[in-house]
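Chain naming here is simple, since letters A, B, ... match the order of the sequence lines and numbering starts at 1 in each. This one's a predicted model, so the numbers in the text were calculated from it and none came from an experiment.
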Amino acid sequence: MSAAELFVGLLGLGFVLLFAILLLVFTALGGKQQLRPFREIPAFQKLRRAVGLAVESGTRLHVSLGRADLTGPDSAVGLAGLTVLERATRAAAISDRPPIATSGEGSLATLSQESLDSMLRSVSPDREPDPSAGRLTGLTPFSYAAGVIPVIHDEHISTNIILGHFGPEVALITEAGERVGSLTIAGTDQVSAQAVIYATAQEPLVGEDVYASGAYLGASPAHVASLRVQDIFRWALIIAILLGALARLVHLL
Amino acid sequence: MKAPLLLVNTAIAISAGLLVLLGYLFPALGFLSDALLRWAVILAGFALLVGMANLLSVHIGNLRERKKGSLYSLVLIVAFVAALLAAGISTPTGGAAMWIFQNIQLPVEATLMAILVVTLAYSSMRLLRRRSGILPIIFVTTAFVVLIGLAPIYAYGDVPFLSSLRGWISQVPAMAGARGILIGVALGTIATGLRVLIGADRPYGG
């Protein structure tokens with residue numbers, strides 16, 4: 001290993017360690033300290049209301065988890081989608097029609113079934129598992145979208161939560177939600193799909209809002225803590241970028 | 001019984017995650033992370049098989065219960081079996097499998113892509129009705145300028161001013177915005193990964 005490789009590795013490790021330490025500290029402080037509340041994100045406010053309405057009206061929530069490969073760098077957005085699925089299932093578990101999850105990747109589909117099953121059983125242990133609640137609908141972008149559309153049309157869906165790794169094909173899913181008159185909340189990690197979501201979804205989640213879902217839906221103190229650490233690092237990066245630009249301007253770099 | 005199992009699961013997940021992370025940061029440890037990732041790919045392959053079985057069972061159920069649109073379920077099952085046989089007999093890159101890919105899957109996906117164009121144009125117009133304020137107007141105007149800047153105007157050709165404006169939009173404000181979003185996504189990814197690493201998020205159950 002060369003000295004440069006070692007330096008870059010140590011720098012990366014330092015960054016991750018600092019992030020992890022702050023995450024642990026904020027998680028520990030979470031219950032004890034009254035911290036500044038987060039800004040309101042309308043999508044999460046509407047989602048909380050939609051879950052209650054779905055339970056009352058006997059309709060279903062649909063969580064579209066996208067096509068994130070859990071062995072690749074896009075796995076984080078898939079995990080964020082699973083967190084939302086878990087929270088939505090927990091909140092709607094008493095409903096006659098529990099949430100339904102669709103995914104375009106095998107391991108994500110398996111995890112969504114596990115998530116749905118464990119949440120529903122935590123509320124009613126005698127409940128029989130329903131393998132059709134966590135579905136694989138297609139493996140290519142368009143076959144996945146084509147497989148999701150009939151679910152939105154035929155399964156009494158009142159709210160679509162589209163949160164995962166998508167390309168521009170996500171417009172077909174959001175449009176299907178629009179056609180049946182359901183609420184559509186959508187977010188992704190792909191910049192091109194974010195532009196599409198902004199234009200087509202009723203409640204778009206832009207950028208890091210996708211990863212804030214756990215904190216806003218009350219998943220655990222660690223989610224709230226991670227959001228605070230993200231904010232600190234974001235400000236640090238903004239200052240670093242501005243200083244870099246200034247240094248470049250005065251020919252220091 | 002469940003608690004010890006959860007503990008073992010969490011310990012395995014945390015150690016595997018740490019080893020892969022160290023492999024990324026220090027190339028000398030790459031052999032360990034490579035091995036773990038290879039195992040993960042094999043497991044993902046099995047998960048894919050489970051997913052396909054799930055897809056079939058859902059559609060067989062639709063047929064059995066004569067649900068709305070069960071004819072499409074029948075088409076899916078027939079296509080699934082045909083594609084499986086074709087790929088099984090001629091190998092996944094063999095003649096029959098490639099024929100299905102090139103003559104059925106590609107045209108169908110290209111059709112969906114064409115539908116997507118119309119859907120997006122319609123949605124952009126609807127955006128102006130749905131949301132008030134300056135942002136939707138900027139969004140639609142920018143999309144329009146970029147489109148016109150990309151495609152030559154009939155019987156006139158390229159409009160130099162629009163082409164250069166498109167170039168400036170994509171390279172300066174769009175790039176700046178995209179980088180800002182990507183920084184947020186990267187921080188979110190690190191946070192999600194670390195939550196799994198410290199065992200606060202357990203997508204593997206519990």
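Rounded to the nearest 0.5 Å, atoms CG (A/L237) and CG (B/L187) are 5.5 Å apart. Here OG of B/S70 is found 10.5 Å from CG of A/D154. Values are rounded to the nearest 0.5 Å. B/S124 OG to A/Y198 OH: the interatomic distance, rounded to the nearest 0.5 Å, is 11.0 Å. Rounded to the nearest 0.5 angstrom, A/T71 OG1 and B/R38 CZ are separated by 13.0 Å. In this structure, the separation between CG on B/L182 and CG on A/D189 is 9.0 Å, given to the nearest 0.5 Å. Rounded to the nearest 0.5 Å, atoms CG (B/L112) and CG (A/L172) are 6.0 Å apart.
Chain A forms more heavy-atom pairs under 4.5 Å with one residue of B/G45, B/G188, B/A191 than with any other, namely B/G188. In terms of heavy-atom pairs under 4.5 Å with chain B, the best-connected choice from A/A195, A/S132, A/S75 is A/A195. Most heavy-atom pairs under 4.5 Å with chain B: of the set A/E169, A/H223, A/E175, A/E86, this distinction falls to A/H223. The choice from A/A171, A/G214, A/P141 that makes the most heavy-atom pairs within less than 4.5 Å of chain B is A/A171. Top candidate by heavy-atom pairs under 4.5 Å with chain B, chosen from A/G147, A/A109, A/P168, A/A80, is A/P168.
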Residue pair A/Y211, B/R195: steps toward the side-chain contact (heavy atoms from CB on, under 4.5 Å) verdict: CA-CA 12 Å; A/Y211 300 93; B/R195 281 201 310 268; 5.9 Å; no

Go through B/I181 and A/Q190 one step at a time and tell me if the side-chain contact (heavy atoms from CB on, under 4.5 Å) criterion holds. CA-CA 9 Å; B/I181 287 174; A/Q190 294 293 296; over 6 Å; no

What's the verdict on side-chain contact (heavy atoms from CB on, under 4.5 Å) for A/R135 and B/H59, showing C-alpha distance, side-chain angles and the deciding distance? CA-CA 10 Å; A/R135 297 181 193 176; B/H59 286 277; over 6 Å; no

Passes side-chain contact (heavy atoms from CB on, under 4.5 Å), B/I190 versus A/F233? Steps please. CA-CA 11 Å; B/I190 293 172; A/F233 272 80; over 6 Å; no

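Heavy-atom minimum distance, B/R131 versus A/Q202: NH2-O, 3.5 Å. When all heavy atoms are compared, the tightest approach of A/V191 to B/A178 is CG1-CB, 3.9 Å. The shortest non-hydrogen separation linking B/G184 to A/Q230 is O-OE1, 4.4 Å. In terms of heavy atoms, A/P73 sits closest to B/T189 at O-CG2, 4.1 Å. Nearest heavy atom pair, residue B/T192 against residue A/A76, reads CG2-O, 3.7 Å. Between B/N54 and A/L136, the closest heavy-atom pair is OD1-N, 3.2 Å.
Proximity to chain A is absent for every atom of B/F46, based on heavy atoms less than 4.5 angstrom apart. For B/I183, the part lying under 4.5 angstrom from a heavy atom of chain A is the side chain only. For B/L21, the part sitting under 4.5 Å from any heavy atom of chain A is the side chain, from C-beta outward, and nothing else. Heavy atoms closer than 4.5 Å to chain B are found nowhere in A/L108, neither backbone nor side chain. Heavy atoms closer than 4.5 Å to chain B are found in the side chain of A/L24, but not in its backbone. With a 4.5 angstrom heavy-atom cutoff, B/V196 touches chain A only via side-chain atoms. Residue A/A133 does not touch chain B at all, counting heavy-atom pairs closer than 4.5 Å. Looking at B/I198, only its side chain comes within 4.5 Å of chain A, counting heavy atoms on both sides. Of the two parts of B/L120, only the side chain, counted from C-beta on, holds a non-hydrogen atom closer than 4.5 Å to a non-hydrogen atom of chain A. Contacts between A/A225 and chain B at a heavy-atom distance below 4.5 Å are absent for every atom of the residue. The contact between A/L23 and chain B is made entirely by side chain atoms (from C-beta outward), counting heavy-atom distances below 4.5 Å. Of the atoms belonging to A/T137, it is backbone heavy atoms, and not side-chain ones, that fall under 4.5 Å from chain B. When heavy atoms are compared at a cutoff of 4.5 Å, A/V206 approaches chain B solely by way of its side chain, counted from C-beta outward. Looking at B/L22, only its side chain comes within 4.5 Å of chain A, counting heavy atoms on both sides. Residue B/M125 does not touch chain A at all, counting heavy-atom pairs closer than 4.5 Å. Contact of A/L11 with chain B is not made at all, since no heavy-atom distance falls under 4.5 Å.
If you check the side chains of A/T140 and B/E109, you find a donor sitting under 3.5 Å from an acceptor.
At a threshold of 4.0 Å, the pair A/E114-B/R202 does not count as salt-bridged, since none of the basic side-chain nitrogens sits closer than that to a carboxylate oxygen.
B/R126 places no side-chain N or O within 3.5 Å of a backbone atom of A/A199 that could act as its donor or acceptor partner.
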